[in-house]
There are 2 protein chains.
Amino acid sequence: MLTERQLFLFKVLVNDYIRSAEPIGSRTIAKRYDVKYSPATIRNELADLEEMGFLEKTHSSSGRVPSQKGYRYYVDHLLSPALLSKDEILNIKRAIQDKYYELEKVTQETANILSEFTHYTSIVLGPEVLTTKLKHMQIVMLSRETAVLIIITNTGHVENRTIKLPEGLDARKVEMLVNILNDRLQGTPLFKLKNALDSEIKNVLRQHLSEYERIIEMLNDALEYHPVDHIYFSGKTNILSQPEFKDIDKVLPILNALENKDIVYELLRPSGEDGIHIKIGEENAMREIKDCSVITASYSIGGEHMGTVAVIGPTRMAYPKVVTLMELVTNSLSELLTKRYQDA
Amino acid sequence: MLTERQLFLFKVLVNDYIRSAEPIGSRTIAKRYDVKYSPATIRNELADLEEMGFLEKTHSSSGRVPSQKGYRYYVDHLLSPALLSKDEILNIKRAIQDKYYELEKVTQETANILSEFTHYTSIVLGPEVLTTKLKHMQIVMLSRETAVLIIITNTGHVENRTIKLPEGLDARKVEMLVNILNDRLQGTPLFKLKNALDSEIKNVLRQHLSEYERIIEMLNDALEYHPVDHIYFSGKTNILSQPEFKDIDKVLPILNALENKDIVYELLRPSGEDGIHIKIGEENAMREIKDCSVITASYSIGGEHMGTVAVIGPTRMAYPKVVTLMELVTNSLSELLTKRYQDA
DNA sequence: TGTTAGCACTCTAAATGCCCGAGTGCTAAT
DNA sequence: ATTAGCACTCGGGCATTTAGAGTGCTAACA
């Protein structure tokens, strides 16, 4: 579809724009990278590329800028991995090491690294409920009718909910029940917890308690998993340093979107298969970040999907570098987590 | 010190500037509020006020603007409480009601209300460790040498730490120990927990365990309270809408400061007595927010200090409204918490 | 003696005009 | 097919102007 020369010029232009954030024209290309074509030839090619929708002009006599379609083509066909220096690789690998016991800290540190190395905003979706298993469950009464339900997973993560007991329900019965559940449900993946509760345990409970239905209802409510509680950020304000976001009005909707965890979750929602996904501009679910690109990648334990890491930056993003970095980071993270939790 | 007329003009000027964010001069004052003095007279008075340090000019022929000292004088001597409409009061009181069981949600909701009504950034320091008591403590083993220590307070708050057991320490012994501690320490205020651990319990433990020293050390580490884990924000980006922060460079250090929990905690650190405190511009601990004012107020349970709420805005802040609002909010919150946890 | 009118001056912000540079499209020559 | 040449366009930078709001100071006034 594209000639060799068009491809070359397109790539040169995109790379230059990613670096400089300035529209770039035929003369500059001819000068800056001593290509063997004259400005006029380049002009013709650029005009063709624009007609095909890969480039845009910011005004009638300006240089060209990649269009959204252009970026899409770039990442789909022209993305060559960036090289990281040995030092960088070493630093990253060392940072994602057995430095922290708590999974939360590891997750946060991962986010920190991503934002530090990219200068964009990074987001990490904490280890998903999907593959974490119940280690221990306990209920602690606070008062006659309120209690805290605590769930500890095999990854050391602690969930807790304050719940209100149905009126007239004996606290001791509830405690007894939870003890039973604790025995029975240990090792159950969290996402199966509600089902397990409903089916497998029903019979056991019936023997012990008459009010089991109300209790199950209550527990069902409490066991609802809220992924929004497990989002880690870093470099939230990095976007402000990008030249295309130098005026407040451009940046305000983006920052606001980042403050809203539901929106963020929507943006990162796993889109099917694992691996690296790139959403450019308006390809994203949310209108607010139509001038941004989101790159997501997933990490795993022993091959099982555990969570997602993401980087948000301008559409003019250093795609090669970010992609390479994310591969390295997710691999390191997966390795660490697998080593630590595979058989826990 | 100030004449009646100076006082009046000063107050008019500050109020106008708070509203409009524009430097204001003698003629405008004479026009806008039909005062009975001529611009020339007002000019003279303003010159005097400037000489005394209450006002400043942005350039040699500009109108006047309150200085930091001016704001200080304003809040110390001229602050008249704003009137909230019955609707507003009702809305706020209703919002801080028994809507949520979980203390975290109540706290977050409080922050939301504050930022919503002020259009500034609000911060709430969660119920402090100082007056919350241990309800239940438990250790759950994750693997041979890692475990989660869980602490539940009488306010329904759950703290958890992942800890690494000293090598060669028997997990069952640790569990036994924690059970004992659980019995003995129930009702101890969290801030006394480390002491209690050290003194009162020592003897009991010696009888049960030989390795008690290493265990105590481990628990001591784990029981360290990290106030930075209990900060709730709302309206982080509101500052961006203020005219004085329309350029990125002004706003970046502020947003960055808000992302750093240590800095935030430093800014809100309780300054002695309860009640409302106002820190203006450079009075604040952190250089980064020298163009902002921070208003803090505390809430309590049965008179005992529990936490702090704060609002951060430009020095040109609507002090009367914010102060009134914060009084209302902290009172409502104290009331709710007292009702709920007083005798728990 | 406190207040006011008048005046010359200052500074900012917005509008205006001008030019330069980088770019374009088109045509004709190579 | 490529390139040189040319007329044209647009944005950004720069100086200039103008209007508006303000000031300080002095002299006149009640």
Side-chain angles (χ1 to χ4, degrees), chain A residues 2-10 12-14 16-17 19-67 70 243-244 246-248 250, chain B residues 1-10 12-14 16-17 19-67 70 243-244 246-247 250:
Chain A
L2 289 188
T3 69
E4 197 68 24
R5 190 168 65 188
Q6 283 173 331
L7 226 53
F8 170 75
L9 290 173
F10 178 64
V12 162
L13 187 144
V14 174
D16 193 275
Y17 183 66
R19 192 184 47 74
S20 72
E22 306 257 297
I24 176 169
S26 53
R27 184 193 250 90
T28 315
I29 291 184
K31 235 183 298 177
R32 203 162 330 181
Y33 314 83
D34 42 15
V35 294
K36 48 185 187 296
Y37 321 109
S38 76
T41 309
I42 297 174
R43 234 180 344 264
N44 289 329
E45 296 288 32
L46 295 188
D48 288 351
L49 284 165
E50 180 177 2
E51 211 172 330
M52 288 185 267
F54 294 118
L55 299 178
E56 286 171 355
K57 285 187 282 192
T58 58
H59 59 86
S60 72
S61 76
S62 76
R64 261 89 174 189
V65 156
S67 68
E244 53 262 72
K246 70 177 188 304
D247 68 324
I248 295 275
K250 284 258 172 194
Chain B
M1 181 170 176
L2 291 188
T3 69
E4 198 68 24
R5 190 167 65 188
Q6 284 172 331
L7 227 53
F8 169 75
L9 290 173
F10 178 65
V12 161
L13 188 143
V14 175
D16 192 273
Y17 183 68
R19 192 182 48 73
S20 72
E22 306 258 296
I24 176 169
S26 52
R27 185 194 250 88
T28 315
I29 292 184
K31 235 183 297 177
R32 200 160 335 179
Y33 315 83
D34 42 16
V35 295
K36 46 186 189 297
Y37 321 110
S38 76
T41 308
I42 296 174
R43 237 183 337 268
N44 290 329
E45 296 288 33
L46 295 188
D48 288 350
L49 284 165
E50 182 178 0
E51 211 171 331
M52 288 184 269
F54 294 117
L55 298 179
E56 285 171 355
K57 284 188 282 193
T58 58
H59 58 88
S60 72
S61 77
S62 76
R64 261 89 175 187
V65 156
S67 68
E244 53 263 73
K246 70 178 188 305
D247 69 324
K250 284 257 173 195

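Any value given below was found using the heavy atoms of this structure, including those in side chains, with hydrogens, waters and symmetry copies removed. A, B, ... follow the sequence lines: proteins, then strands. Residue 1 opens every chain.
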query: For C:dG23, does either OP1 or OP2 sit under 4.0 Å from a side-chain N or O belonging to A:Ser60?
result: no

Test item: A:Thr28 side-chain N/O and A:Ile24 main-chain N/O as donor-acceptor pair under 3.5 Å:
no

On a heavy-atom basis, the closest approach of B:Ala47 and B:Arg64 is CA-NH2, 3.5 Å

To the nearest angstrom, the CG-P distance between B:Leu55 and D:dG22 comes to 14 Å

Separation between CG (A:Asn44) and CG (A:Leu49), nearest 0.5 Å, reads 11.0 Å

A:Asp48 CG to C:dG25 C1', in whole Å, measures 13 Å

Rounded to whole Å, CG of B:Leu46 lies from P of D:dG24 at a distance of 9 Å

- Think B:Arg64 has a side-chain N or O under 4.0 angstrom from the OP1 or OP2 of D:dG24? yes

query = Counting heavy atoms not belonging to A:Lys250, are there more than 12 under 6.0 Å from its NZ?
reply = no

Item to check | Donor-acceptor contact present, side-chain A:Ser67 to main-chain A:Gly53, <3.5 Å | outcome: yes

Margin query: Strictly below 4.0 Å: does A:Arg27 bring a side-chain N or O up to OP1 or OP2 of C:dG21?
Written below: no

Under 4.0 Å, heavy atoms only, any strand: does B:Thr41 hit a base, just the sugar-phosphate, or nothing?
base

Query - Phosphate contact (C:dT24 OP1 or OP2) by A:Ser62 side-chain N/O below 4.0 Å - result: no

Open item on the list: Does C:dT12 have its OP1 or OP2 closer than 4.0 Å to a side-chain nitrogen or oxygen of B:Thr58?
Closed with: no

Separation of C:dG23 atom C1' from A:Asn44 atom CG, nearest Å, is 14 Å

Among the nucleotides D:dT2, C:dT24, C:dG6, whichever has the atom closest to the side chain of A:Lys57 is C:dT24

>> Quiz question: going by heavy-atom distance under 3.5 Å, is there a donor-acceptor pair between the base of D:dT23 and the side chain of B:Ser61?
In response: no

Name the nucleic acid region contacted by B:Lys36, choosing base, sugar-phosphate or nothing; use a 4.0 angstrom heavy-atom cut-off, strictly under. sugar-phosphate

B:Glu4 atom CD is separated from C:dG2 atom P, nearest whole Å, by 17 Å

Residue pair B:His59/B:Pro39 against DNA chain C: nearer the 5' end by closest nucleotide is B:Pro39

- request: Assess whether one donor atom and one acceptor atom, taken from the side chain of B:Arg43 and the base of D:dG24, lie less than 3.5 Å apart.
  value: yes

Atom CZ of B:Arg5 and atom C1' of C:dT4 are separated, to the nearest Å, by 11 Å

From CD1 of B:Ile42 across to C1' of C:dG2 the rounded distance in Å is 15 Å

Between CD of B:Glu51 and P of D:dT23 the distance, given in whole Å, is 15 Å

Return yes if the base of C:dT4 and the side-chain atoms of B:Ser38 contain a donor-acceptor N/O pair under 3.5 Å, otherwise no. no

